[in-house]
K.L.:
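Submitted below is the structure of interest, expressed as structure tokens.
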Amino acid sequence: MLDPKLLRTKLSEVKERLQKRHFDLDMGQYESLEKQRKALQIRAQELQQKRNSESKEIGQAKQRGEDIEPLKSKVAALADELKQAEASLGQVQEALLAFELTIPNLPHDSVPDGKDETGNLELRVWGEAKHYDFEVKDHVDIGEQLGLLDFERASKLTGSRFSVLRGDLARLHRALIQFMLDVHTAEHGYQEIYVPYLVNSESLRGTGQLPKFAEDLFALAGEKEFFLIPTAEVPVTNLHRDEIIDANALPLKYVAHTPCFRSEAGSYGQDTRGMIRQHQFEKVELVQFVRPDESYQALEQLTYHAEEILRRLELPYRVVSLCGGDIGFSAAKTFDLEVWLPGQQKYREISSCSNFEAFQSRRMLARYRDLDSNKPELLHTLNGSGLAVGRTLVALLENGQQQDGSVTIPSALRPYLNGQELLTP
RNA sequence: GGAGAGCUGGCUGAGUGGUCGAAAGCGGCGGUCUUGAAAACCGUUGACCCGAAAGGGUCCGGGGGUUCGAAUCCCUCGCUCUCCGCCA
């Protein structure tokens with residue numbers, strides 16, 4: 001959520017800055033709601049003040065033993081009027097909040113212009129796409145030919161966009177999770193955390209998935225309004241919802257491994273083959289809570305932490321800065337990590353690292369107590385995949401493939417697999 | 001699933017219809033004292049909203065109700081704890 005004060009005082013500037021994302025802010029609707037809000041709030045507060053002071057007088061009169069009946073009827077009329085004013089104020093405030101919750105974050109000045117992913121800016125490239133002197137296969141063929149990847153049975157169990165892994169591939173999948181958590185906890189200073197995979201709607205509102213993106217979520221049908229998490233970002237960032245954190249405890253850095261569930265509504269026909277786009281996948285997620293003046297430095301650091309996993313796995317990748325049209329709803333700035341997939345002859349997103357500035361913390365009321373002012377201030381939140389495990393597995397299969405159908409396992413993972421160097425049938 | 005008890009500020013905890021945003025203690029901050037620290041003592045210390053300010057308003061788990069007036073009474077939902085049942 002944007003700062004309501006900013007909307008009130010610099011509306012046209014906000015509108016202009018949002019045009020970078022190709023978002024058209026309806027200034028007329030906002031101004032009309034805000035005008036009503038102000039008038040109603042002033043009215044309601046006047047009535048409240050009157051009621052409070054006159055009720056106090058009744059209390060005093062009663063103590064003096066006076067007849068309070070005439071006073072009572074006078075204030076009763078006031079109370080009715082107040083009730084009405086409060087009700088209309090509540091309605092307008094609700095409408096205003098609903099409007100504000102659908103406005104995306106302001107993109108940072110450094111975000112490149114552009115309307116879609118073709119406008120993203122390549123910042124750096126690491127590693128080189130290997131040359132294969134045989135015809136390369138994609139991960140589906142590799143995995144199925146090894147007998148380790150099974151989409152047919154997955155669709156029998158559930159439906160499309162699910163996968164079954166077996167044997168060494170299931171083990172490699174588990175090893176990847178372990179490896180990522182170990183690097184981030186032991187070397188990058190993150191605290192490992194285990195969180196619920198079901199969350200309530202307040203949490204989803206806090207990080208920005210609700211109210212606008214309900215169709216991307218899986219909701220439980222039971223009597224409780226629970227949702228499957230689309231990313232660990234939701235439970236981990238909401239850990240500090242409605243909290244005021246001691247400044248000395250900052251930065252807070254968490255790493256969590258969770259499954260993620262996404263309905264992928266609106267992506268029909270995209271990435272239907274293989275495990276690139278699944279309804280269920282595993283992810284190791286990095287989340288940071290930092291002081292506002294440190295958040296852009298933290299974004300560089302967090303991105304570097306995610307990149308480190310790709311480097312250790314010897315996977316070629318590039319880093320792109322998302323343009324205004326491609327950046328997510330809540331983010332002020334995002335770097336995507338894209339891994340090279342020989343099977344597609346393309347770089348594909350494997351991690352997305354974002355600085356949300358105060359956008360999420362304002363929704364969540366996640367604050368810290370500033371050492372100078374001794375006042376609560378909004379934190380800045382960041383997160384990034386470190387990494388998406390399913391896609392990492394895809395990248396390992398495709399980049400490690402050999403002519404005979406076997407797959408080389410990078411040396412960083414071998415300690416997690418009793419030294420195993422190859423996937424073979 | 002059944003029965004009961006609770007939910008108050010950063011924490012502990014008092015408050016059961018009137019000047020209560022709320023005693024007291026702890027913690028925090030500032031000061032006195034001290035070579036320094038501790039102790040002691042003094043002062044100070046909730047969040048949010050409107051407002052340039054003065055000031056005003058809201059908030060005692062959420063929502064609703066009763067009342068001139070609600071932390072306090074009623075209803076409802078959520079959560080926590082205890083006992084019973086079931087269960088990985």
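All figures in this text were calculated on a predicted structure; none of them were measured in a lab.
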K.L.:
Contacts to RNA chain B from residues 242-250 of chain A, heavy-atom cutoff under 4.0 Å, which residues?
P.N.:
none

K.L.:
Atom CD of Gln41(A) to atom C1' of rC48(B): distance rounded to whole Å?
P.N.:
11 Å

K.L.:
Among residues two or more places apart or on two chains, list those pairs meeting ring pair (Phe, Tyr, Trp, His ring centres under 6.0 Å) that have a residue in residues 261-283 of chain A.
P.N.:
Phe162(A)-His279(A), Phe218(A)-His279(A)

K.L.:
In chain order, what residues pass the ring pair (Phe, Tyr, Trp, His ring centres under 6.0 Å) check against Tyr304(A), with sequence neighbours excluded?
P.N.:
none

K.L.:
Going by the salt bridge (charged side-chain N to carboxylate O under 4.0 Å, His left out) test, which pairs reach into residues 384-393 of chain A, not counting sequence neighbours?
P.N.:
none

K.L.:
Given the P atoms of rC26(B) and rC41(B), what is the spacing between them in whole Å?
P.N.:
9 Å

K.L.:
Check whether the side chain of Gln45(A) and the base of rG56(B) form a donor-acceptor pair under 3.5 Å.
P.N.:
yes

K.L.:
Sort and list the pairs that fulfil side chain to side chain donor-acceptor pair (under 3.5 Å) and have at least one residue in residues 88-100 of chain A, not counting sequence neighbours.
P.N.:
none

K.L.:
How does protein reach along nucleotides 58-79 of chain B, written 5' to 3' as B (base within reach of a heavy atom under 4.0 Å), S (only sugar-phosphate), or - (no contact)?
P.N.:
S-------S-BS---------S

K.L.:
Please report, rounded to the nearest Å, how far the P atom of rC50(B) is from the CD1 atom of Ile42(A).
P.N.:
11 Å

K.L.:
Sequence neighbours left out, what passes salt bridge (Lys or Arg N to Asp or Glu O under 4.0 Å) with Lys72(A)? Give chain and number order.
P.N.:
Glu69(A)

K.L.:
In the structure shown, which nucleotide is the Watson-Crick or G-U wobble counterpart of rC41(B), with both distances under 3.5 Å?
P.N.:
rG31(B)

K.L.:
Residues of residues 199-210 of chain A with any non-hydrogen atom less than 4.0 angstrom from an atom of RNA chain B: list those, numerically ordered, please.
P.N.:
none

K.L.:
Check this one for me: any side-chain N or O of Arg369(A) less than 4.0 Å away from OP1 or OP2 of rC29(B)?
P.N.:
no

K.L.:
Please list, for nucleotides 51-54 of chain B, all pairs of protein and nucleotide N/O atoms separated by less than 3.5 Å.
P.N.:
unit_1	atom_1	unit_2	atom_2	d
rG51(B)	OP1	Lys38(A)	NZ	3.1

K.L.:
Under 6.0 Å between the ring centres of Phe329(A) and Phe359(A)?
P.N.:
yes

K.L.:
Suppose the criterion is salt bridge (charged side-chain N to carboxylate O under 4.0 Å, His left out): which pairs have a residue in residues 260-271 of chain A, not counting sequence neighbours?
P.N.:
Glu264(A)-Arg277(A), Asp271(A)-Arg277(A), Asp271(A)-Arg348(A)

K.L.:
Tell me which pairs pass salt bridge (charged side-chain N to carboxylate O under 4.0 Å, His left out) where either residue lies in residues 191-215 of chain A, with sequence neighbours left out.
P.N.:
none

K.L.:
Which pairs count as side chain to side chain donor-acceptor pair (under 3.5 Å) when at least one residue sits in residues 45-62 of chain A, sequence neighbours excluded?
P.N.:
Gln48(A)-Glu86(A)

